[in-house]
Amino acid sequence: MNKKSFKAFSPLLLSSILVLSACGGDDSSSTNSDDVQTAGSDIEDATELSFWTFAGTHATFYANAAERWNEENPDNPIQLTVENYPFDQMHNNLLMALQSGSGAPDLADIELAKFPNFLQGDVQLEPLNDLIEPELDSFMQERLDIYAKDGNYYGAPTHLGASVVYYNTEIMDEAGVDIDTIETWDDYVEAGQAVVEATGKPMTTIPGNWYGIWPFVAQKGSDFFDENGELTLDNEENIETLEFINDLVHEHEIAEMAPGGQYHAEEFYGFMNDGGQASIVIPMYYMKDFTTYMPDLKGKIQIRPMPTWSDSDYQSVTMGGTGTAVTSQSENVELAKEFLYFAKLSKEGNIQLWRELGFDPPRFDVWEDEAMREENVYYEYFHDDIFDILSEIKDNVAGIQLSEFTPDVLTEIDSNVMHNVLTEQSHTPEEALKESADTVRQKMESAN
């Protein structure tokens, strides 16, 4: 397979604040620590398991899984208590509980960029190799590697998070553009010029955060760090990529800055729902945002692979994600692991990730399963060949590299790079990236 692997090199600083999944798919809009769901409380002699998450939709998913578990395992029932906490509170409390040796739940959701925190030193999470390795060939390896250290897998992935292009076919048809002719980014620019001329609407918008550059950088085969953890933020490939994005706005004039600054803002949802732009580049998990916040676009949106760069074969990039772990403090480790496999790693668990959450399963062997083809809200809203498209590109999906300094890079991008280049136009792409790279290098040197 032609894929770039995910690697988490060293732990993120506890004080770092990085909400990848809030910006990228996994619903992290939790309510408060009193938000608790319990399954199996009416079953006598059920084994109690506790679960922490930061996402309300995840809480419901696991509560439903516990109900199914109890139906299928009447001789080994569980009482699952799922507590839904605010993002930072949950991760900080979990890390402190594991470090102190008490107070941790049996299972917990850990967001992608926070996961390296929990792989530091003597890891207090249980290896899941006995669950994963027998079926390793059924998973997208990139998603598993991101939660791994020293040959052990510590997290069960929630989705693949493959980045795609969502096209508004009503706008594209008005411009006389066949979306299936858009194969390269040069084609995309040409199509965008036709869209602007015919409709007066932008081909796309650019978010003012890292999402406006990272998917494009990774698809080009580059990243902000290399496989050895060396900073590559200001390398030539990244400069060229930011120049391309800048040209979409200021030279080709087919893109604008996203209303609200990012794709999960209320202002953007309204803009997109009103047919404000012709396309958006974002992972598959955004289907849920479409069906929830943009009902007027039902039947108008078609999903296609990302256009390719001339010097790269990658057709997609995985972004965002949450790994579910079993903590070493659990008094029922084996049962917790069995339940985790049942809920999330098994074929049926992966099918439920699609049915309930609208996520693209990390097990590609279920993509062709008949159960995945059953009519649901996503097929009704989009089209019924979604997983045919994924199957065609699965060997050309790029990953990302993580470092403990990734939060510093993303903060620089959000606070300085995108603003200085695209909004203020006070810096060239090269100037902005080199300036921010120097800032991050100073932090890296100070930490060492």
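Every heavy atom of this structure was used, including side-chain atoms; hydrogens, water molecules and symmetry mates were not.
- The ring pair (Phe, Tyr, Trp, His ring centres under 6.0 Å) test with His159 singles out one residue from Tyr286, Trp354, Phe139, Tyr285, and that residue is Tyr285.
- Of the possible donor and acceptor atoms, one in the side chain of Asn350 sits under 3.5 Å from a partner among the backbone N and O of Lys344.
- Under the ring pair (Phe, Tyr, Trp, His ring centres under 6.0 Å) criterion, Tyr166 pairs with Phe290, Phe382, sequence neighbours left out.
- Using a cutoff of 4.0 Å between basic side-chain nitrogens and carboxylate oxygens, Asp109 and Lys114 are not scored as salt-bridged.
- Between the side chain of Asp223 and the backbone N or O of Gln401, at least one donor-acceptor pair lies under 3.5 Å.
- For Asn376 (side chain) and Tyr378 (main-chain N/O), a donor-acceptor pair under 3.5 Å exists by modelled atom type.
- Residues Glu236 and Glu240 are in side-chain contact: their nearest non-hydrogen atoms beyond the backbone lie under 4.5 Å apart.
- Relative orientation of the Tyr263 and Phe268 rings is tilted, given thresholds of 30° and 60° on the angle between their planes.
- With a 6.0 Å radius and a threshold of 12 heavy atoms from other residues, nucleotides or ligands, Glu266 has its CD atom at or below the threshold.
- Between Phe387 and Tyr379, the two ring planes are perpendicular [angle over 60°; tilted spans 30° to 60°].
- Environment of OH in Tyr293: sparse, with no more than 12 heavy atoms of neighbouring residues, nucleotides or ligands closer than 6.0 Å.
- Not a single donor-acceptor pair under 3.5 Å links the side chain of Asn235 to the backbone N or O of Ser222.
- Phe87 CZ to Glu111 CD: the interatomic distance, rounded to the nearest 0.5 Å, is 4.0 Å.
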Return a table of donor-acceptor pairs under 3.5 angstrom between the side chains of residues 272-282 and protein atoms on other chains or two or more places apart.
from	atom 1	to	atom 2	distance (Å)
Asn273	OD1	Asp296	N	3.0
Asn273	ND2	Asp296	OD2	3.0
Gln277	OE1	Thr205	OG1	2.7
Gln277	NE2	Ser279	O	2.6
Ser279	OG	Tyr188	OH	2.6
Ser279	OG	Met203	O	2.8

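- In terms of modelled atom types and a separation under 3.5 Å, the side chain of Ser312 and the main chain of Trp309 share no donor-acceptor contact.
- Applying the ring pair (Phe, Tyr, Trp, His ring centres under 6.0 Å) test to Trp52 and every residue at least two apart in sequence or in another chain returns Tyr85.
- Partner of Phe61 under the side-chain contact (heavy atoms from CB on, under 4.5 Å) criterion, out of Val82, Leu353, Thr158, Thr53: Leu353 alone.
- Under 3.5 Å, the side chains of Asp414 and Thr411 contain no donor-acceptor pair of N or O atoms.
- Here the side chains of Glu237 and Asp311 are not in contact, with every heavy-atom distance at 4.5 Å or above.
- Side-chain N or O atoms of Ser436 include none that pairs as donor or acceptor with a backbone N or O of Leu433 at under 3.5 Å.
- Remark: the backbone N or O of Asn64 is not paired with any side-chain donor or acceptor of Gln37 at under 3.5 angstrom.
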- Task: Apply side-chain contact (heavy atoms from CB on, under 4.5 Å) to the pair Tyr153 and Glu133, showing each step before the final yes or no.
- Result: CA-CA 9 Å; Tyr153 299 106; Glu133 287 180 345; 4.3 Å; yes
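- Counting only residues at least two apart or in different chains, salt bridge (charged side-chain N to carboxylate O under 4.0 Å, His left out) contacts with residues 151-172 comprise Glu170-Lys300.
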Under 3.5 Å donor-acceptor pairs involving side-chain atoms of residues 244-260, not counting sequence neighbours:
from	atom 1	to	atom 2	distance (Å)
His250	NE2	Leu422	O	2.9

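- Ring planes of Phe54 and His58: tilted class, angle from 30 to 60°.
- Sorted by first then second residue, the side-chain hydrogen bond (donor to acceptor under 3.5 Å, both in side chains) pairs that include residues 363-374, not counting sequence neighbours, are Glu135-Arg363, Ser138-Asp365, Arg355-Glu374, Arg363-Asp365, Glu368-Arg373, Glu368-Ser391, Arg373-Asp388.
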